[in-house]
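Read the structure below first, then the notes.
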Amino acid sequence: MEEMLFYDRMQFAFTITFHYLFPQLTMGLSLIIVYFKWKYLKTKDEQYNHATHFWMKIFALNFAMGVVTGIPMEFQFGTNWAKFSELTGGIIGQTLAMEGMFSFFLESSFLGLFLFGEKLLGHKWHFVTGLLIMIGSWASGYLIIATHSWMQNPVGYEILENGKFVLNNFQALFLNPWLWPSYLHNQAASLVTSSFVVAGIGAFYILSNKNVSFGKLFLKTGVIFGLISSVIVAVPTGDLLAKNVVKYQPVTFAAMEGIFHTEKKGSEIVLIGQPDVKDKKLDNKIAVPNILSFLTYGNWDQEIKGLDQFEEDLHPTNISGLYYAYHIMVGLGTVFIGLMVLSLFQLVRGKLFETKWILWSLMFMMPFPYIANTTGWYTAELGRQPWLVYNLLRTAAGASPTVSSGNTLFTLLGFIGLYLLLGMLFLLLVGKIINKGPHNVDLSSEKI
């Protein structure tokens, strides 16, 4: 049973990790595309319209990859996690169906119009279709996170005699206190990814002395959106979400922060350290006293419960993985803010386009928001374990009893091979789009 559960979790972790590489760009990028189109309507500068079309091509490729990789992931609810679907389908089935029927169809329908209907629709209606694509992608994220938030903090439900969960308060599902901080945090993080990609490609154009005018436009746009979104990820959304974890999942918070023993006169914040779960301590730690208590409660001396205050069968099943995922996410988020502050400072001074070390840094940092987003989701998922529905349904109770570990491992290997090929094809196509550039006319002499 343990081996079967391990491979079930591994397969879902792999497929959802690969899948989310694409929506995390499209959700944030849809906003930037709408911005470019709005700027074109306002200024009639063709450069903004060329930028709109350029990024829409990359959006469309990411959207297609998200669809292709999302379908097998959802099938696993009926294969590897059939018991979970049977017991909770009356609740999570509603939000997932709404995501497919409303958001996905809205996004995909207007994507075709936006890509091919500009001449037919005219620029104003073309902008409207872009706006509807953005609304669809953001609504899709909202409904998925509504499902996830219910699993983290179940509300508005009752359990029937046969063990099935049913919804008895539809409003409570969408007023879940876990939902809005999670959603806004996720969307801001998505915008961080898209902003770094836009800024990084802009830096690449400037450094390679190719499509320089567009490079400056992309760099300027990416830096402004990137700084705003990076700050929002930390404050207020990250702060609110952390306080939710303290309130509703205190044992998870203790594991995230590496608090093995309760500290009576305020908790330190650990900057660096390696968890030793066996001996219940942090090795080689560098910490600042009482800061964690102040950040969490606004009180320097407030006690925060450690793992020693909870029964061991309630502890997260992978404390080390949770600790590292959380600290990688927070560490990278801090770096993002610092880099974007420096970039904006140089932009205001009029020296950003000539500051090569910042340009190289922005280009080099393009993959790291993907890492931060992935570790952020790992923090949420590892933190909820050993539960599928927190404090109500254990992960082991949701697996399909008739799917063998051998079958799951075989299909996992198949997914790895197939997704490797898809990933290489995706990178090749995106590389060709970037290499071709937004337009074959040199606009480098035009003022931005």
Side-chain angles (χ1 to χ4, degrees), residues 16-17 19-32 66 95 99 103 134-135 137-155 173-197 225-250 252-253 255-257 269 292 295-297 316 322-340 368-384 390:
I16 199 169
T17 298
H19 165 73
Y20 194 64
L21 295 174
F22 306 104
Q24 71 169 283
L25 180 69
T26 57
M27 288 186 294
L29 190 57
S30 63
L31 176 60
I32 294 177
T95 48
E99 188 271 336
S103 304
M134 191 201 82
I135 292 172
S137 67
W138 283 54
S140 179
Y142 175 77
L143 291 166
I144 292 295
I145 292 177
T147 308
H148 174 263
S149 296
W150 184 83
M151 294 168 65
Q152 295 282 4
N153 182 47
V155 293
L173 186 64
F174 294 102
L175 294 177
N176 191 338
W178 197 282
L179 173 54
W180 278 102
S182 297
Y183 174 66
L184 295 175
H185 185 69
N186 183 80
Q187 299 309 100
S190 173
L191 189 55
V192 170
T193 298
S194 57
S195 298
F196 269 87
V197 170
F225 276 94
L227 178 58
I228 294 170
S229 56
S230 296
V231 171
I232 291 174
V233 164
V235 181
T237 64
D239 179 62
L240 290 172
L241 191 52
K243 288 176 179 176
N244 264 348
V245 178
V246 173
K247 182 176 181 180
Y248 298 106
Q249 298 182 10
T252 300
F253 187 77
M256 284 164 49
E257 295 288 356
I269 189 167
L292 187 61
L295 292 176
T296 306
Y297 292 104
L322 172 60
Y323 172 88
Y324 284 121
Y326 173 69
H327 282 81
I328 289 170
M329 175 191 68
V330 172
L332 286 176
T334 305
V335 171
F336 298 157
I337 293 173
L339 181 57
M340 285 301 180
F368 286 87
Y370 288 95
I371 297 172
N373 270 273
T374 300
T375 53
W377 273 106
Y378 280 11
T379 300
E381 297 306 300
L382 292 173
R384 194 183 65 245
Y390 195 73

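Here CG of N373 is found 11.5 Å from OG1 of T17. Values are rounded to the nearest 0.5 Å. Between atom CG of residue L184 and atom CG of residue L179 there is a gap of 8.5 Å, rounded to the nearest 0.5 Å. In this structure, the separation between CG on L339 and OG1 on T334 is 12.5 Å, given to the nearest 0.5 Å. Of the inter-residue distances, the one linking L292 atom CG with Y297 atom OH reads 9.0 Å to the nearest 0.5 angstrom. N186 CG to M27 CE: the interatomic distance, rounded to the nearest 0.5 Å, is 5.0 Å. How far OG of S182 is from CG of L240: 10.0 Å, rounded to the nearest 0.5 Å.
Screening W178, Y20, W377 against H148 for a ring-ring contact (aromatic ring centres under 6.0 Å, His included) leaves a single residue, W377.
Formation of a donor-acceptor pair under 3.5 Å by the S230 side chain with backbone atoms of I337 is not found in this model. A donor-acceptor pair under 3.5 Å links the side-chain atoms of N176 to the main chain of N153, judged by distance alone. A donor-acceptor pair under 3.5 Å is formed between the side chain of T26 and the backbone N or O of P23. Side chain of S190 to backbone of G28: a donor-acceptor contact under 3.5 angstrom is found.
Side-chain contact between I328 and L332: present, with at least one pair of heavy atoms (C-beta onward) separated by less than 4.5 Å. Between F336 and V233 the shortest side-chain heavy-atom distance does not fall below 4.5 Å. Between F225 and L31 the shortest side-chain heavy-atom distance falls below 4.5 Å. Put simply, the side chain of T252 reaches to within 4.5 Å of the side chain of L322, judged on heavy atoms. Counting heavy atoms from C-beta on, the side chains of Y142 and W180 come closer than 4.5 Å. At least one side-chain heavy atom of S194 sits under 4.5 Å from a side-chain heavy atom of L25. Taking 4.5 Å as the limit, every side-chain heavy atom of Q24 sits out of range of all side-chain heavy atoms of H19. By the 4.5 Å heavy-atom criterion applied to side chains, F174 and L143 are counted as neighbours.
In terms of heavy-atom proximity, Q187 sits nearest to G141 at OE1-CA, 4.5 Å. In plain terms, the two heavy atoms of L241 and P181 that are nearest each other are N-CB, 4.1 Å. When all heavy atoms of A325 and T379 are compared, the closest pair comes out as C-OG1, 3.4 Å. Taking every heavy atom of both residues into account, M256 and Y323 meet most closely at O-CD1, 3.4 Å. Shown here for P316 and L382, the closest heavy-atom pair between the two residues is CB-O, 3.9 Å. Closest approach of D239 and L295 over heavy atoms only: OD1-O, 3.8 Å.
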Does the side chain to side chain contact (heavy atoms under 4.5 Å, CB included) test come out yes or no for F368 and V335, once each step is laid out?
CA-CA 10 Å; F368 286 87; V335 171; over 6 Å; no
